[in-house]
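Basis for what follows: all heavy atoms, side chains included, without hydrogens, waters or symmetry-related copies.
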Amino acid sequence: MSASPSEPADSVPRYPRWSDRLIRQLDAFAAHRSEAGTVPALLLVRQDGGDTRAPAFVIREYKHRLSRDRGSPRFQVPHAVVDDAELTGGFLAAVDRVALRFQLTMPSGRLRLPTFHTCRTVLDTESGSGDVQARQQPLVEELYAALLTRRQTLRAGARVADFLGRHFLTGWLQGLVAALIVGFPKLCYRFHLRHWGLRWVADESGTASFLDAALGFCQDGDADAEDPRVRRILLRALLTDLRRATRGRTWLSHLWARRRWSFVVLVPEIDDVDGPGRAFLDAFEELAGDQSSRPLLVLAGCAGTPPDYAAPPVAEPDRPNGVADMVFTFLKEGSAEPVRLITLPAEDDTEGTAQKKIGAHPGVSARRDRFLDWLRPATLPVLATATAGIVLAPHYLWPATPAARPAPPSCVTVGTGERVGVTDGTQCDLAVPGEPGKELRDLERQVAAENAGVPDGRYRTLVFLAPLSLQKGVYDDPPIGLQILRGAIAQQHRLNHEVRQNKMPIRLLIANTGQYFQYGSHRSGAAKAPDVTKMIIDRQRRDHIAAVIGITQSRPESLNAVRELDQAGIPVIANGVTGSNMVGPDSPQRYFQISAPNARVAPVLADFVGHSPAVRRLTSDTPHAVVVYDPTDSYFSTDLKSLFVAAYRGHGGVDEITYSEKPGATTPDNIATDICNRVAATHGIVVYLGRSGVLPSLLNAMQNAGGQCQPPQGTTIPLIAESAPIDFQLHPVRTAHAYPYMTLLYETANAPTHSRDPYAQFTRDFATVFGHRSADADAAGGFDTAGIVTKVVENLLPASRDVQPNDIYLWLTAHGVAQYPGASGVLRLDGKDKYPPDKAVFIREIAQPDGTTATLLSCGILPNRQNPADWGTPPDTFPCPRDGAAAPSG
């Protein structure tokens, strides 16, 4: 490999392309220890044509992510750097540096390395002369002296004996005290080393005991410090101590919450074959082949030819997530090869995008020490028992009525009156009491009945995560998540009752985040608030969770929830989500959605409003758009408004009117008159770009406002909405009669045209479960998300009977789902496309006065797999906007 000719020899190397995605996987491992038994060392090299200094640059820069937190001297993760430019002395200097730096960079607490220091002390100690025990005696003395420096209790005992011997009144006690607190422990320590302690060192050396083995690698022994056997012993001793430091703890241990991270060794260069960096990696390769390396990650860099033992995996560096996916698999699931070769793309990130993302992406963090951490764990059972007696005794003496009993821990009642959490339909109830909770309660019973038919053996679970309830006194339109959940239940019923090859039964869990996704993820300002995503992650293994579906809303809270799931390795297939941030460059890797984003929907809306004969009949030849949006809803409403206005400027004028989705100063009642006056003055159209749940409140406010909101007989106010309430779509006649002054148009993801449309089959499957309740495009989306995950699972079954969440993600990125005949349209998802490109978009009209519906625009890949070039009816036809292309103006 040679340096890139475009890079001056003295310039600072740039980050390789997509290196920020690799950094995210390293952060995830460093912050949350892997469950794999054998974590391979990662050796970074550069593709031919790239700057070969880049691996060392990336590794040295990564040190800063482990070192400091916003200028604080507190370390984030215990780590060490083995740099040939700073060290001489081969492996021994390297391993000494690693052990010392691990102890110095502890985020909290104290790292003990008794096994390592015991073996290391032997290297610096000379043996005695005479028989075996006489030769071992100096070793025992030196090892016990080193033990005294590490154990305060033993050291204190020796000081007490020495103190007593200095006074003639207590001198007679010295012999007794010395025998009890000095001699006896020393005798036990020698017995321990000869018979029990460090048996694996004896096995490595082929001797009977540790002391026998120590004679072979002490200072005057047969093996020097660079002997492969000695390297193996020292590194294995270090790993033994690290495993003890990170082993599983009970809830009684004060160390439990501070031992989630791993230990990281950074080796920027291994090109010097006699250098300490290469020596350390060689020793790791020899040892890790047959020993667990779980708590340790070795990240090395190579500018020249990598060593033969570095196994080159099959990777696609040119694919955006190729390197990151591969690294995730090795760190999460382990590897049969102790050293894996990771090839970075040759192309540099010349625009600085990777560096910005790395700087913006939160790093790893360790919890600070707290005073209560140091209470003796033995006192906790007493406190727990006393607390349980105080809390539970009144319940046995005065049993509570059924209505007064709190929900189980997985269903938590919060301050808004909602119940949030996770349930399989029987474990607890997420629905609020009374009529407001009836729809969700019925769906819980339906899920419980479907899950009851799943056998106890092989199955996979999908979690439907979405806001499924409303806060009291906000607005009454039911959450769209309820209808999407119905679609998922209909798909579960079809899949579990259908006969097919490689069938995998599906269970469903319902997860309610509360309105506005308020309790969907961790909130730094409310550490004790419920975190529904964490509840899902905690149940991942027990419930065989394959993926999370739903989401349904673009919000910062929903994106944070997806990030938590991504860090846990759980893929997400969302529906009803359109915000640009959800599928942007910083979107979590394991996130996909089957709904079109705002960047696709906005140009279609703009083109339709600007060209549609139906709109012009109601407005003018150059329709004026009165845009209603919520400036506080940045992920959905404001994003959609900005994209729509940018696309519509070439068609006509725009007025912007703001309101607040949440109760506040700017509500639908405040703006109704202003909207009607502007529409009348400009002869324009209302372009509603807010949440569908608030639209009925706005229309009711306009109906009650009078004035220009009551147009002359035979005329109406036109309004087009990106998202219409479920009841509007299911009951168009009732909607037309309820708002006779309004002609409503709305964008949707499906408008079936013939009986062979997959939507037609979906409606039959939906009716099988929900009877006469009408299906719609939202339910079709829930139907498809469950179907896509199951299709991927069953594609994987021939190769593995134990399909894991990461297997699903890797299949989607490597193979993808193409031409999937979904009820919500023809779908394609893969590593390049987080949402189906050219997703079908339809605009429908609810006409006055009879409420008849008509599809006025059909663009994108339609159910017949055709991608029409035009929309409209001849002679009034117009080009369909394509993904990535702006709508034509004029």
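Partners of Asn512 according to the side-chain hydrogen bond (donor to acceptor under 3.5 Å, both in side chains) rule, which considers only residues two or more places apart in sequence or in another chain, are Ser469. Shown here are the side-chain hydrogen bond (donor to acceptor under 3.5 Å, both in side chains) partners of Asp838, two or more places apart in sequence or in another chain: there are none. The ring-ring contact (aromatic ring centres under 6.0 Å, His included) search around Tyr635 returns none, not counting sequence neighbours. Listed by chain and number, the residues in a side-chain contact (heavy atoms from CB on, under 4.5 Å) with Asp20 are Arg24, Ala354, Lys357, Ile358 (sequence neighbours excluded).
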| task | Show the numbers, then the answer: is there a side chain to side chain contact (heavy atoms under 4.5 Å, CB included) between Val733 and Asp850? | result | CA-CA 6 Å; Val733 175; Asp850 53 1; over 6 Å; no
| said: Before you tell me yes or no, could you show the steps for Gln593 and Lys834 under side chain to side chain contact (heavy atoms under 4.5 Å, CB included), namely the whole-Å CA-CA distance, both residues' side-chain angles and the distance that decides it to 0.1 Å? | reply: CA-CA 6 Å; Gln593 67 182 44; Lys834 286 188 173 291; 5.8 Å; no
| request: Go through the steps for Asp778 and Gln729 under the test side chain to side chain contact (heavy atoms under 4.5 Å, CB included), then give the verdict. | output: CA-CA 10 Å; Asp778 295 317; Gln729 301 178 47; 3.9 Å; yes
| said: With ring-ring contact (aromatic ring centres under 6.0 Å, His included) as the criterion, how do Phe608 and Phe842 come out once you've worked through the C-alpha distance, each side chain's angles and the decisive distance to 0.1 Å? | reply: CA-CA 10 Å; Phe608 176 80; Phe842 303 87; over 10 Å; no
Contacts under 3.5 angstrom, residues 820-830 side chains, donor-acceptor by atom type, not counting sequence neighbours:
unit_1: Ser824; atom_1: OG; unit_2: Asp784; atom_2: OD2; d: 2.5
unit_1: Arg828; atom_1: NE; unit_2: Asp833; atom_2: OD2; d: 3.4
unit_1: Arg828; atom_1: NH2; unit_2: Asp833; atom_2: OD2; d: 2.9
unit_1: Asp830; atom_1: OD1; unit_2: Lys832; atom_2: N; d: 2.9
unit_1: Asp830; atom_1: OD1; unit_2: Asp833; atom_2: N; d: 2.8

Donor-acceptor pairs under 3.5 Å, side chain of residues 709-721 to any protein atom, not counting sequence neighbours: which ones?
unit_1: Gln710; atom_1: NE2; unit_2: Gln703; atom_2: O; d: 2.9
unit_1: Thr715; atom_1: OG1; unit_2: Pro712; atom_2: O; d: 2.6
unit_1: Thr716; atom_1: OG1; unit_2: Thr743; atom_2: OG1; d: 2.7

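The shortest heavy-atom contact between Tyr741 and Leu699 is OH-O, 2.5 Å.
Remark: Leu559 CG to Met582 CE distance equals 5.0 Å, nearest 0.5 Å. Atom CD of residue Gln483 and atom CG of residue Leu730 lie 5.5 Å apart, to the nearest 0.5 angstrom. Distance check: Arg600 CZ to Leu605 CG gives 11.0 Å after rounding to the nearest 0.5 Å. The structure places CG of Asn575 at 8.0 Å from CD1 of Ile480, a figure rounded to the nearest 0.5 Å. To the nearest 0.5 Å, atom OG1 of residue Thr748 and atom CG of residue Leu857 are 12.0 Å apart. Expressed to the nearest 0.5 Å, how far CZ of Arg17 lies from CG of Leu22 amounts to 14.0 Å.
Ring pair Phe644/Tyr648 is parallel by interplanar angle, where below 30° counts as parallel and above 60° as perpendicular. Ring geometry for His611 versus Trp871: interplanar angle of 30 to 60°, hence tilted.
Here the rule is side chain to side chain donor-acceptor pair (under 3.5 Å) with Arg590, and of Asp325, Asp566, Thr813 only Asp566 fits it. Each of Asn581, Thr638, Thr578 was checked for a side chain to side chain donor-acceptor pair (under 3.5 Å) with Asn598, and the lone residue meeting it is Thr578.
The backbone N or O of Gln471 sits less than 3.5 Å from a side-chain atom of Gln515, completing a donor-acceptor pair. Asp348 places no side-chain N or O within donor-acceptor distance of the main-chain N or O of Thr350, the cut-off being under 3.5 Å. Looking only at distances, a side-chain donor or acceptor of Gln848 sits under 3.5 Å from a matching main-chain atom of Ala736.
Taking the six-membered ring for Trp, Tyr591 and Tyr809 have ring centres at least 6.0 Å apart.
Side-chain N/O atoms of Thr632 and Asp630 include a donor and acceptor closer than 3.5 Å. Residues Asn867 and Arg882 bring a donor and an acceptor atom of their side chains to less than 3.5 Å of each other.
You'll find the side chain of Val562 stays beyond 4.5 Å of the side chain of Ser558, heavy atoms only.
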